[in-house]
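A short write-up of the structure that comes next.
Since this is a predicted model, take the numbers as computed values, not measurements. Residue numbers count from 1 along this sequence. The analysis underlying the following values was restricted to heavy atoms, covering all of them including side chains, and did not include hydrogens, waters or symmetry mates. Counting starts at 1 for both ligands and their atoms, following the listed order.
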Amino acid sequence: MSGERRGFLKSTFLAAAALATGPTLAASAQQAVGDPMILEPRPWSTKLGYPVAFKPYGQPSPFEANLQRRQSPGLTQTTQASVSFAPLQGFFGIITPSGLHFERHHQGWVDVDPEQHRLMVNGMVEEAKVYTMDDLMRLPSVSRIHFIECGANTGMEWGNAAVPTVQYTHGMLSCCEFTGVPLKVLLDDCGADIKNAQFVLAEGNDGSSMTRTISMEAALDDVLVAWGMNGEMLRPENGYPLRLVVPGVQGVSWVKWLRRIEVGDKPWNSKDEASHYVDMMPDGIHRQYTSIQECKSVITSPSGGQALMGKGFYNVSGLAWSGRGKIKQVDVSFDAGRNWKTARLETPVLDKCLTRFNIDWVWDGSPVILQSRATDSTGFVQPRYRQLREVRGTRSTYHNNAIQSWQVAQSGEVFNVQMD
Ligand SMILES: Nc1nc2c(c(=O)[nH]1)N[C@H]1C(S)=C(S)[C@@H](COP(=O)(O)O)O[C@H]1N2
Ligand SMILES: [Mo]
């Protein structure tokens, strides 16, 4: 190691020590002397372990059993039309484990036999075609990491702080590596009339026959017809064997169990577009076809429902994303938005993808309100509730990207609160 590098390490260590005034970072660790957990053998170190492939498909540790998708206590559940929220408070980095991806089904999820699955491309094309899964998987594929967020995410918070944890405020959000064929390849293959057609319709093969209009601009840009998720086939809940991936656009357009793409010259105004995911504006008129998920962020740790273990050092961590591009900056406030400090963005920072941010914090034990505010590559800054309501009024359900506030009480308990 060169002298220069050693010097760097030494100075960063000193900087860290200086930051954690009084007790250093290590102060949270127990003193080793006398701790039986390190001094005495544990049961698992004194016997044979399980054989390989004891579980042919790996499972999380039984000690992690509490980390689950959950249904919100604040929502009316019907048996099939429902939503499960991803436990954002337990995630690291940017990838959502496949088994914890949120779910939103308008008519329940289905187990599709891939041998019987077909994708039709028709409408304004030279030749309509029907593809089998084998046909599709022979085509040139790409893999891309993108977030998917339901347009209704954070929807229960329009009025006031309604639900207790980040799982319920922001958990209709996930981020995976998707593998599939660019939709453009299929449109070219069928000779789509891209001069005159401005839209495509995507149709699902479940009981809801989900149908959504997507702009030709997006269709020719980064939309994928995907079968892979996190290195394996899609999970049934997420559209096995085929779903549309529409980067940056609200989840409803990511049609699952995708069976048909129709090329056309006007929006279809389908049942799924007439009432769902439209925004009631202050003038009483519904804004239809809102589709891009605007720049947003949330602190996931510490977050509502958690409790700090006493004053001292904490790594404050969260997620930021924008449907319009990359995250440029995330600022964190420890005093309800009066002062802001710029957080570290962890790599990779990708287009229309979750970005993980972290920032050092020493809690002095007094009550505080934590907030994060993201800025994207277009310069768009995530709004406060007051700014959002100035434009959108108060009667919306969807597309809430306001700054989230978490109150840390003197007890260390963290609560969902809403700041103007
Ligand atoms: N065919 C079909 N596609 C669908 C839906 C559906 O009910 N049926 N739900 C949509 C909605 S509203 C969202 S937010 C996303 C959710 O995707 P996920 O369940 O994989 O999280 O899928 C979309 N695609
Ligand atoms: Mo959704």
Close-contact set for ligand 1 against [X] heavy atoms, below 4.0 Å:
X      : value
Ser208 : 7 (O), 8 (N)
Glu237 : 19 (O)
His105 : 7 (O)
Val255 : 3 (N), 24 (N)

Does a donor on one side chain and an acceptor on the other come within less than 3.5 Å for [X] and [Y]?
X      : Y      : result
His399 : Gln250 : yes
Asn315 : Asn358 : yes
Glu103 : His105 : yes
Glu203 : Thr211 : no
Asp134 : Thr132 : no
Gln167 : Gln89  : yes
Gln293 : Asn401 : no

Identify, for [atom], the protein heavy atom at the shortest distance, and state residue, atom and that distance.
atom                    : result
atom 14 (S) of ligand 1 : Cys150 CB, 3.4 Å
atom 12 (S) of ligand 1 : Tyr277 OH, 2.7 Å
atom 23 (C) of ligand 1 : Gly251 O, 3.3 Å
atom 24 (N) of ligand 1 : Trp254 O, 3.1 Å
atom 10 (C) of ligand 1 : Val252 CA, 3.7 Å
atom 21 (O) of ligand 1 : Phe102 O, 2.7 Å

Does any N/O atom on [X] come nearer than 3.5 Å to any N/O atom on ligand 1?
X      : result
Trp257 : no
His106 : yes
Met210 : no
Lys256 : yes

Query raised in the report: So, does Ile148 sit close enough to ligand 1 that a heavy atom of it is under 4.0 Å from the ligand?
Result: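 Distance cut 4.0 Å: Ile148 passes for ligand 1.
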
Report task. From the options Met229, Arg104, Arg243, Arg69, select the one whose nearest heavy atom is closest to atom 17 (O) of ligand 1. Result ->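 The residue whose heavy atom sits nearest atom 17 (O) of ligand 1 is Arg243.
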
Requested in this report: May I ask which of Leu258, Thr211, Asp206, Asn238 has a heavy atom nearer to atom 6 (C) of ligand 1 than the others do?
Outcome: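 That would be Asp206.
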
**Report entry** Basic-acidic side-chain contact under 4.0 Å: Asp222, Lys352
**Finding:**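 Looking at Lys352 together with Asp222, the answer is yes, because their closest N to O distance falls below 4.0 Å.
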
Report task. Report the part of His276 (side chain from C-beta onward, or backbone N, CA, C, O) that has a heavy atom under 4.0 Å from ligand 1; answer both or neither where that applies. Result ->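 His276 to ligand 1: no contact under 4.0 Å from either part.
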
Requested in this report: Could you check if a side-chain atom of Ile94 sits within less than 4.5 angstrom of a side-chain atom of Pro348, using non-hydrogen atoms only?
Outcome: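 SC-SC contact between Ile94 and Pro348 confirmed.
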
Query raised in the report: Within 45° of the axis and under 6.0 Å from the centre of the six-membered ring of Trp257, does NZ or CZ of Arg243 qualify?
Result: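 Not satisfied by the 6.0 Å and 45° rule.
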
Query raised in the report: So, for Phe178 and Trp254, is the gap between ring centers shorter than 6.0 Å?
Result: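 Centroid distance Phe178-Trp254: below 6.0 Å, so yes.
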
